[in-house]
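Indexing begins at 1, ligand by ligand and atom by atom, following the structure's order. Residue numbers run from 1 in the order of the sequence given.
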Amino acid sequence: MTAPCIPRLNLAHLPTPIEPLPRLSDLLGGPRLFIKRDDQTGLALGGNKTRKLEFLVAEAQAQRARTLVTAGAWQSNHCRQTAAAAARCGMDCILVLTGDRPAEATGNLLLDHLLGARIVATPDRGDRDRLLAETVETAAAQGRAPYLVPYGGSNPTGALGYAFAMQEVLAQGSDVDWMAFATSSGGTQAGLVLGQRVFGYGGTLLGVSIDEPASALTSHVAALASDASGALGPRIAFDAADVHVDDRYCGAGYGVLTDLEREAIGIFARTEGILLDPVYTGRAAGGLLDLIRRDFFPSDARILFWHTGGQPALFAEPYRSALIEPRIAHESWAG
Ligand SMILES: *Cc1c(COP(=O)(O)O)cnc(C)c1O
């Protein structure tokens, strides 16, 4: 099944474990829950971008690139994993970071520095594409042989990482009825959708949108899955109707922590000892908990939640402060 000719590096610790969530399942009194630990992919604190980078950096090396250039938010997990992949492969890394510059280098940004990435910044997100193009051009003119890693690693090459993740999860004997995960730049979902078709997963994939309306994301994911399919065999034409996205939990906007994320992070931590992240998995798990409480899933359903990583942001503002509940801080003083 595996097309042998696709260049791929070994950057991740695979397969990542699948664990049952018995206490959380009992607490909710409904479906049986499992978690796929892609927060444990192993490269500089892990996360889902590492699977994509195995294919993207292989492509960069085939093109004789020596510098990885990519862009994201100040707390981008994608940028941190790209910086780590560059270090691991003896390449340089330039990150174009957008948004209000934080007062301190904490969380992912601290790790970007430790991993030796050069940082180019603009406060204006609308200026990002221009600055990214300019950065690539300058690096090329300086003889640095840049390779542009797309936002979130989400192009057809990067999406292959999750097509093979689907093969991996099926080989682990997982027979769940549903798989749920955070979806944003779409590469994870596109890969899973493609892998579902190619490797034969009979259940349903549900992406919980972090920041995009379902209408835009479903067609984007379908196009990405279609474009990635040619690497695995004859091209498959996916349609937006093949892609399921729930966008009811992203109204607060990207990276805005609300009670939804706060509650999900607290429940996973206190019932299972699992740390979610404030931007992606906290929101996706919050959506999943809400859907379970609304009886969206049959009560005997088996659901696998993909933990896609992101925990370094727990230690960065504004998330760190927003997660400290005054009541708990007080109790720990008293106790
Ligand atoms: C990037 C990211 C996602 C979303 O993955 P996409 O492929 O961009 O849709 C989910 N969770 C975490 C922790 C991420 O960093």
Task: Ring centres under 6.0 angstrom apart (Trp306, Tyr280) - done: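 No, the ring of Trp306 stays outside the 6.0 Å limit from the ring of Tyr280, centre to centre.
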Open item on the list: Between Trp178 and Phe34, is the ring centroid distance below 6.0 Å?
Closed with: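 Ring-ring flag for Trp178/Phe34: false, centres at least 6.0 Å apart.
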Task: Qualifying residues under salt bridge (Lys or Arg N to Asp or Glu O under 4.0 Å), relative to Arg294, sequence neighbours excluded - done: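 Per chain and number, Arg294 pairs via salt bridge (Lys or Arg N to Asp or Glu O under 4.0 Å) with Asp290.
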Open item on the list: We want to know whether Tyr201 and Asp175 form a side-chain donor-acceptor pair, criterion being a heavy-atom distance below 3.5 angstrom.
Closed with: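 No.
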Open item on the list: Taking side-chain hydrogen bond (donor to acceptor under 3.5 Å, both in side chains) as the criterion, tell me which of Thr281, Thr188, Asp39 meets it with Asn48.
Closed with: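 The side-chain hydrogen bond (donor to acceptor under 3.5 Å, both in side chains) with Asn48 is passed solely by Thr188 among Thr281, Thr188, Asp39.
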- [ ] With side chain to side chain contact (heavy atoms under 4.5 Å, CB included) as the test, would you mind laying out the steps for Ile274 and Glu19 before giving the verdict?
- [x] CA-CA 11 Å; Ile274 286 177; Glu19 298 167 345; 4.1 Å; yes
TODO: Would you check ligand 1 and list the protein residues that come within less than 4.0 Å of it by any heavy atom, ordered by chain and number?
DONE: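 Near ligand 1, by chain and number: Asn48, Lys49, Lys52, Asn77, Ser154, Ala182, Thr183, Ser184, Ser185, Gly186, Gly187, Thr188, Tyr280, Thr308, Gly309, Gly310.
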